[in-house]
Amino acid sequence: MAALRRRFSSGSGSGSRSRTGPGPAPDFDPDFGDRPLTAARQDIVIGRWQGVRDLLRATGDDWPLRTHRLRLLSHAAAASSVVEAWRAAEPDSPDAEVLRAATEVVRVFNQAIEAGRGTEVDRTRIDVAVMACLSAADARPADPMPWVSLLTVARLYGDGVGRAELREWWEELRRRDPYNMEGHVQLLRYHSARWHGTHGRMYDFARDAAGAAPEGSPLPVLVQIARVEEYRYVAAAAQGRPVRGFDQHWHHELAVTEVLRTRERWLGGRPPGPVAPQEVGELNHLAHAACYAGLPEVARETFALLGGRAARVPWSYTGDAHEQYVRWRGQVG
């Protein structure tokens with residue numbers, strides 16, 4: 001296997017391949033092929049909320065799809081007053097409450113980004129977002145999304161959230177959707193060194209969740225997401241300087257073993273059929289990890305499933321996203 005990895009890695013600097021390489025040109029569609037979601041987000045752009053209402057009504061209690069759609073709708077709604085217009089027109093709509101809470105969380109994060117890394121957001125502003133999430137949880141008790149939103153905004157408290165409170169939010173999510181991918185990703189980031197934890201705590205959480213996941217669940221890829229988070233943290237701290245002892249980050253023995261384990265537990269148990277929009281981001285993480293671990297067979301299988309559907313993260317953390325996706329896909333054939 002080591003020799004195979006060396007052969008696979010040796011061509012990583014080649015620039016002789018075409019712009020797209022084999023297969024369809026990568027499609028960095030932010031909705032990952034979810035056409036009804038695209039239409040609803042276009043409604044938001046022109047100030048209409050009816051399409052959003054109809055989309056969420058049609059999504060029903062398909063929690064993975066609903067979480068995916070609400071997350072992207074909230075980003076689209078953050079710079080508009082569409083969600084407020086919907087609540088004014090239909091004040092008793094639980095879906096409007098859930099979207100408003102997710103949108104408030106995005107707005108607080110946008111405020112934090114504008115303030116700059118290291119500048120704390122006004123705690124009162126974060127509290128407002130938390131209260132919106134709790135109100136949404138009351139409005140639609142079965143829905144996991146308000147608890148995903150709470151686990152997301154928890155990172156913005158300068159001193160974090162108390163253990164008991166964080167555990168309560170986590171358990172409320174798990175009661176509704178125990179294998180919710182987005183909720184797991186948000187808590188993983190909370191435990192990361194970039195926020196309120198350490199690399200060790202982050203990996204422990206990812207490995208525990210991966211080990212408890214049923215066959216066919218995407219949760220094992222949390223370990224690869226954790227590896228990207230560590231790389232991002234170390235690279236940012238290094239500010240372009242080489243980091244001693246970090247050259248094996250992607251392809252030391254444990255990293256390779258964990259990619260193979262993710263492939264076996266997730267793809268090996270995944271029901272046959274087309275890739276759902278909410279799977280695209282995680283499949284890109286697996287493809288990225290397999291490429292950098294020197295596992296062309298796993299990368300080839302994952303790229304084939306994706307069929308050209310690309311996500312900018314994590315490819316953009318290791319270079320230009322389009323170039324990275326095309327070059328690595330070309331190498332695995």
Side-chain angles (χ1 to χ4, degrees), residues 32 61-72 74-75 98 101-102 105-106 109 133 137 142-156 160-161 163 165-233 258-259 261-267 269-270 275-289 311 313-314 317:
F32 300 144
D61 293 346
D62 182 339
W63 302 134
L65 181 60
R66 180 177 170 85
T67 302
H68 161 77
R69 286 176 166 174
L70 278 163
R71 183 174 63 84
L72 294 179
S74 66
H75 282 271
V98 173
V105 170
V106 173
F109 265 92
C133 294
D143 197 336
M145 186 62 194
W147 304 100
V148 173
S149 296
L150 282 166
L151 292 170
T152 303
V153 80
R155 301 206 307 272
L156 289 179
V161 174
R163 273 189 193 176
E165 192 167 27
L166 187 67
R167 187 183 304 113
E168 179 186 351
W169 293 354
W170 175 239
E171 290 304 323
E172 291 289 352
L173 170 65
R174 285 178 51 79
R175 272 193 280 274
R176 290 157 177 80
D177 188 16
Y179 307 114
N180 185 286
M181 186 71 204
E182 183 64 20
H184 278 78
V185 170
Q186 295 306 325
L187 192 55
L188 179 147
R189 288 177 178 154
Y190 182 92
H191 288 312
S192 74
R194 290 184 69 237
W195 292 98
H196 301 291
T198 64
H199 298 321
R201 267 175 58 189
M202 174 180 65
Y203 278 110
D204 285 347
F205 172 77
R207 288 167 181 146
D208 287 348
E215 293 289 331
S217 166
L219 282 178
V221 85
L222 284 169
V223 182
Q224 283 69 56
I225 295 174
R227 195 160 299 284
V228 169
E229 288 292 322
E230 182 187 4
Y231 175 85
R232 188 180 175 196
Y233 178 87
E258 288 180 327
V259 173
R261 188 177 297 138
T262 295
R263 186 267 152 219
E264 179 182 354
R265 289 185 55 90
W266 179 14
L267 302 191
R270 180 183 174 276
V275 169
Q278 61 269 23
E279 294 180 287
V280 173
E282 282 70 45
L283 281 169
N284 272 266
H285 271 91
L286 181 56
H288 180 273
V313 174
Y317 294 152

Under a 3.5 Å distance rule, please check whether [X] uses its side chain to pair with a backbone N or O of [Y] as donor and acceptor.
| X | Y | answer |
| --- | --- | --- |
| Arg265 | Ala213 | yes |
| Asp177 | Trp63 | no |
| Thr67 | Pro64 | no |

Looking at side-chain heavy atoms only, is the closest gap between [X] and [Y] below 4.5 Å?
| X | Y | answer |
| --- | --- | --- |
| Arg163 | Leu166 | no |
| Trp147 | Asn180 | no |
| Leu219 | Trp266 | no |
| Leu222 | Met181 | yes |
| Leu267 | Leu286 | yes |
| Arg227 | Tyr203 | yes |
| Gln224 | Glu282 | no |
| His288 | His285 | no |

Test log, rule salt bridge (Lys or Arg N to Asp or Glu O under 4.0 Å), inputs Glu172 and Arg175: CA-CA 5 Å; Glu172 291 289 352; Arg175 272 193 280 274; 3.0 Å; yes
Report the C-alpha separation of Glu182 and Met145 in whole Å, then their side-chain angles, then the decisive distance to 0.1 Å, and conclude whether the side-chain contact (heavy atoms from CB on, under 4.5 Å) test is met. CA-CA 9 Å; Glu182 183 64 20; Met145 186 62 194; 5.9 Å; no
For the residue pair [X] and [Y], what are the closest heavy atoms and their distance?
| X | Y | value |
| --- | --- | --- |
| Arg270 | Val275 | NH2-CA, 3.3 Å |
| Leu151 | Gly183 | CD1-O, 4.1 Å |
| Ser149 | Val105 | O-CG2, 3.8 Å |
| His184 | Pro178 | CE1-O, 3.2 Å |
| His68 | Pro277 | NE2-CB, 3.7 Å |
| Leu187 | Phe205 | CD2-CE1, 3.6 Å |

Going by the side chain to side chain donor-acceptor pair (under 3.5 Å) test, which pairs reach into residues 190-199, not counting sequence neighbours?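 Side chain to side chain donor-acceptor pair (under 3.5 Å) check on residues 190-199 returns His191-Arg201.
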For Arg261 and Glu264, run side-chain contact (heavy atoms from CB on, under 4.5 Å): C-alpha distance rounded to whole Å, both residues' side-chain angles, the deciding distance at 0.1 Å, then the answer. CA-CA 5 Å; Arg261 188 177 297 138; Glu264 179 182 354; 5.6 Å; no
Give a yes or no on whether Glu215 atom CD has more than 12 heavy-atom contacts from other residues, nucleotides or ligands under 6.0 Å away. yes
Would you please name every residue forming a side-chain contact (heavy atoms from CB on, under 4.5 Å) with Ala210, sequence neighbours left out?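 Ala210 satisfies side-chain contact (heavy atoms from CB on, under 4.5 Å) with Pro220, Val223 once adjacent residues are dropped.
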How long is the gap from CZ on Phe32 to CG on Asn284, to the nearest 0.5 Å? 7.0 Å
Presence of salt bridge, Glu229 and Arg232, under 4.0 angstrom: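 Counted as a salt bridge, because a side-chain N and a carboxylate O are separated by less than 4.0 Å.
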Donor-acceptor side-chain pairing of Arg69 and Gln278 below 3.5 angstrom: no
